[in-house]
Every structure is written in C-alpha cells, then in structure tokens.
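Scope of the values below: all heavy atoms of this structure, side chains included, with no hydrogens, waters or symmetry mates. Below, chain A is the first sequence line, B the second, and so on; all start at residue 1.
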2 protein chains.
Amino acid sequence: MATRTRRSQRRTEALSRQRIVEAAVQLLDAAGEGGLTFRALTERLATGPGAIYWHVANKSELLDAAADAVVAAAVALKPAEPPGAPPGEIRAVALGLFDAIDEHPWLATQLAMQLSRSPWGSVTTRIFESIGQRVRALGVPDGNLFTATSALVHYILGAVGQNAANTRVDGLHVDRGEFLDAVSTAWEELDPDDYPFTRAVVDQVREHDDREQFLAGIDFVLTGITALHLPSGQACTPPAA
Amino acid sequence: MATRTRRSQRRTEALSRQRIVEAAVQLLDAAGEGGLTFRALTERLATGPGAIYWHVANKSELLDAAADAVVAAAVALKPAEPPGAPPGEIRAVALGLFDAIDEHPWLATQLAMQLSRSPWGSVTTRIFESIGQRVRALGVPDGNLFTATSALVHYILGAVGQNAANTRVDGLHVDRGEFLDAVSTAWEELDPDDYPFTRAVVDQVREHDDREQFLAGIDFVLTGITALHLPSGQACTPPAA
DNA sequence: TTCCAGCATGGAGCGCTGTTCCAGTACTGG
DNA sequence: CCAGTACTGGAACAGCGCTCCATGCTGGAA
C-alpha cells in the first residue's frame, strides 16, 4: 500500500504518512499526550480528517508510528563504536532511550502502553533487537539469549517509564528539587507501621541521580547475566532460594 | 472529607467510594479497559453521574483507586512466611503481582500508565515498600537500599506489563500457542539485515514459559544486587565497562 | 490535446465520552 | 417539627475519534 510514484507538486504540499507522523510528534512534544487530537492535527496540516484517515488507520496506529519514529532514532545513533565492549554499548543504547524520553515525555506513557497492549509491536522489537545484539556479543550462550535480553529490556522499559515523569508534568518542565521534595514530603506522611521501609529511604530520594540509578540497575542485570550464564561467572553463588 | 457517622439504611443501599471502586473493578474485569464508562457505571449502580462524582474526583482517580485495590490485595497475601528467606519472598511478591495481572488484564496498562504519569503514586509506593522490606532483609547496606529496590521494582513493572497481554487480547482469552505462533511468524518475516538477533532467537519465543522467564529476570537482578552490594559477593567481577 | 478512472481530499456530522450543573430528596441535629 | 446539610440523579455541554461522501486533482490512455 505504498507504491508512490514521483510527485512533482500537489495541491499545497502533498500529504503523506511521514508528514502526518512528524506533525503528530510535534504536537505531542508541544502539548503533551493530550495535545494530539485529530482536530489539532487537521488544523496544523490544513486539511480534514478524511485526508488523514487515508494515510493512517486510526489514532492508535498514529501513536505507534510516532513512538516508533522517535525510538528508531534513539536506538540507532551508534557512531560505529569499536566492538569488544558490549556492556558499554548496552548502557549507551539504554541511555539513548532515556534521553529520548527526556526530550519527548509523552514517549514514556506511550512505550508503557504499547508494551502492555501489543507486547511485540515494532517499538518493542526494535529495542529488543538492539539490546539483543549486544547481549549476544557479551558471550551469553544461545539458549539463554532470549531470557537474558528480555530481562534487560523489561528493566529498561520499566525504568525509563518511571524516570520520564520525574522531570516534567503535563509537558511542562518541573523543577527537579521541588518534585523530589514533594515526593519526600508525601512519603514522610505515610503510616510508619505500613511503610517502614519507604520512610527509611526517604532521604535517598532527594539525593539520588536518575541516570546513575538507571545505570546501576542495568549493571545489576548485567552482573546477574554474567554470573549466571557466563562460564567465568559460574563461581558466584546465586542468592539462596 | 470522610467524617461518616453511622448510617442505618439509606435510599436503596448507600453509595460509597468503596462500592464505586468495586463496581469499577468488576466492569474492567468483564469488559476490559474500554469497559469502564461513567455511563456503564451509573447503570450498574443504578444512579447518576453526579452521585459518583460526589465520591470520586474524576475517572483518573477512579482508575487509580481500582488499581490500588487490586494491587493491595496482591502484594499483601503473605501468610506470615517464616523470615530468613528474603529472595523467596521477593519472588512471591512479584508472582503475586504477576498473577493479579493475569486475573485483571487491564491492570497491566493501568500500572504502566500510573508508573509514567504519577511515578510515586500509591500503587507504585505499595509495591516499592513490599519489595523494599525484603531487600533490606537481604542484608543490602542502607546506602544502597533505594537503588537496589528501585531496580527490582522497575524490572518487575516492566516485565508484568508485557507478560499481561501474552494471554489475553481485549479481555478475551487467547490461545497462548496461537499467540506465540503469530509473534514467531511476524518475527520470521522481519528483514534479516535489520533484525538478525530477533530472527535468531525466534524459536525460543515459542518454547519459553512466562513465569519461568519472569523469575529468571528477578534472579538476574537479585544476583547483581548480591554480587555488587553484599560483602560476600564482592569477589565477583562486574562486567567490564 | 482531450478525456476519464480513480487516488486523494476536506467538510459536515454521528455517536460517544468525561464532566458540570442544579433542582430536588433523604437524613440529622437542635 | 423544622432548618440545613449530605447526597442524589437527570439533563445538558464541549470535545473526542471516526465515517461518509461530494468534490478536486492527476497521470496515463486515446
């Protein structure tokens, strides 16, 4: 459904799926998740709903395409790193996603929703592939590749999903200190009997660095994979069941 | 806003926040995420929108409350296990969530959305606390509790979010074999140049067991935490950067 | 050059949603 | 018994995703 012959010039400037997706991303960036409306889209593209629906099946597909476009750019910006350092590359890919969500806050919710609605959609698969290649380069045996990669991807998606909203609310930048203060304060008012642990670590919330913590989590998973599935790691004892 | 004096009997059966949340959960269970409508809710409760809005601020709060109710039941069903086996308890809590999502498929999307929209809302905090208590019992030093617990929670939320839709689509049960077949087939049609890894592990998709893989991921994180933050684990070398 | 099939467009409008408003009812303290 | 508050539910509103369809535009055949 995409046999497009060359087109010199059309009415104003030929409408295309790509132009629609680009406009969608811009609207999402500008006004947050609620900002993407077919009304707003028609206005921005100076057209009508019918024209858009000719190129895109429905809003869900449009959101998928928007997320896919941003994610594709995020996980692909490897400047041909010298091979041999897969852990570093995995961190780089993950941080690419982390930064993409920082630039496009709506991506967090979108990623999370796509993960649970169509678990093996194009976006997830893209990330899975990018991470998986590096996991294989790590030396993980073939039989464990799927499990190891899945674990990494799950952690990454869970973490980036949360950390996104740490800096923005409804598309507006929020002072990070204020935000963490609010969280800390809320946690300090929790019932000490029900939430002893949360109250105990409340101070660490204010001090922690998102990126550092994100990378620390990746290192946990990588260490686990190394210890449990790499010959050199077999000496380590897994936690007793 | 809840000074409720004793109430003998009202019109039919006093409307209350709890009754509304229960009805919401039932609607979600029965008809999926799209099934929760204020129209449907008013019909089921034989009332009007105004009555519901007196007890609940908006739909978002209602969804939060519904998710919170289900999650609270899921993470709290510890039958006073004998202490001393924190890893097993962590797996139990995580599996509790896993099963809750299997029973209430809408919870996956809801959890994911709440994670990214209000990252430290009541649901997340509840899980964080439940896991955190066990991480502390593991012997992780105080300074690393927040990082370690966050990593675990992020992995768990990422994983359960995805595995939910593995068994159902739009609230209907889907044969697992068929579903995985569809995924495998789709993956086999990917471009070999762009997706060498995904195509290489396509067979493992069909064979893998969700719960096993979920637990394997938890073990990766637990092993990583043990190796990097527990004295006994310091002998292990983390993956080279 | 002329004509036409059909790709592509955009405006009107449908059914549905979350939400608000408010007049009215049930209940309670004085 | 009554005044006042707590609560109810019906009507209505703005906005949403989406469909329908008459119309315009365009590349190829004649």
Check whether any side-chain N or O of [X] sits under 4.0 Å from OP1 or OP2 of [N], and answer yes or no.
X: B/T37; N: C/dT17; result: yes
X: B/W54; N: D/dC7; result: yes
X: A/H55; N: C/dT9; result: yes

Under 3.5 Å donor-acceptor pairs involving side-chain atoms of residues 179-189 of chain B, not counting sequence neighbours:
{"from": "B/D181", "atom 1": "OD1", "to": "B/R206", "atom 2": "NH1", "distance (Å)": "2.5"}
{"from": "B/S184", "atom 1": "OG", "to": "B/L180", "atom 2": "O", "distance (Å)": "2.6"}
{"from": "B/T185", "atom 1": "OG1", "to": "B/D181", "atom 2": "O", "distance (Å)": "2.7"}

Please output the side-chain donor-acceptor pairs of residues 145-153 of chain A that fall under 3.5 Å, not counting sequence neighbours, one pair per line with the distance.
{"from": "A/T149", "atom 1": "OG1", "to": "A/L145", "atom 2": "O", "distance (Å)": "2.8"}
{"from": "A/S150", "atom 1": "OG", "to": "A/F146", "atom 2": "O", "distance (Å)": "2.9"}
{"from": "A/S150", "atom 1": "OG", "to": "B/Q213", "atom 2": "NE2", "distance (Å)": "2.7"}

Review point. Taking only residues at least two apart or on different chains, which pairs with a member in residues 60-71 of chain A satisfy side chain to side chain donor-acceptor pair (under 3.5 Å)?
Key: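 Listed by first then second residue: A/R17-A/E61, A/D64-A/Q114, A/D68-A/S122, A/D68-A/R126.
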**Study point:** Sequence-distant partners of A/Q26, side chain to side chain donor-acceptor pair (under 3.5 Å), two or more places apart
**Key:**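 Checked A/Q26 against side chain to side chain donor-acceptor pair (under 3.5 Å); matches are A/R44.
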Study note, to complete from the structure: Those residues at least two apart in sequence (or on a different chain) that pass side chain to side chain donor-acceptor pair (under 3.5 Å) with A/E43 are none
Check your understanding: Reckon A/L36 touches a base, only the sugar-phosphate, or nothing at all at heavy-atom distances under 4.0 Å?
Key ->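 Touches sugar-phosphate only.
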Check your understanding: Tell me: CZ of B/R19 to P of D/dT8, nearest whole Å?
Key -> 9 Å
Review point. Is there a donor-acceptor contact under 3.5 Å from the side chain of A/R117 to the main chain of B/T109?
Key: no
Using a cut-off of under 3.5 Å, enumerate the N/O to N/O pairs linking the protein to nucleotides 19-23 of chain C.
{"from": "C/dT19", "atom 1": "OP2", "to": "B/Y53", "atom 2": "OH", "distance (Å)": "2.8"}
{"from": "C/dT19", "atom 1": "OP2", "to": "B/K59", "atom 2": "N", "distance (Å)": "2.8"}
{"from": "C/dT19", "atom 1": "O5'", "to": "B/Y53", "atom 2": "OH", "distance (Å)": "3.0"}

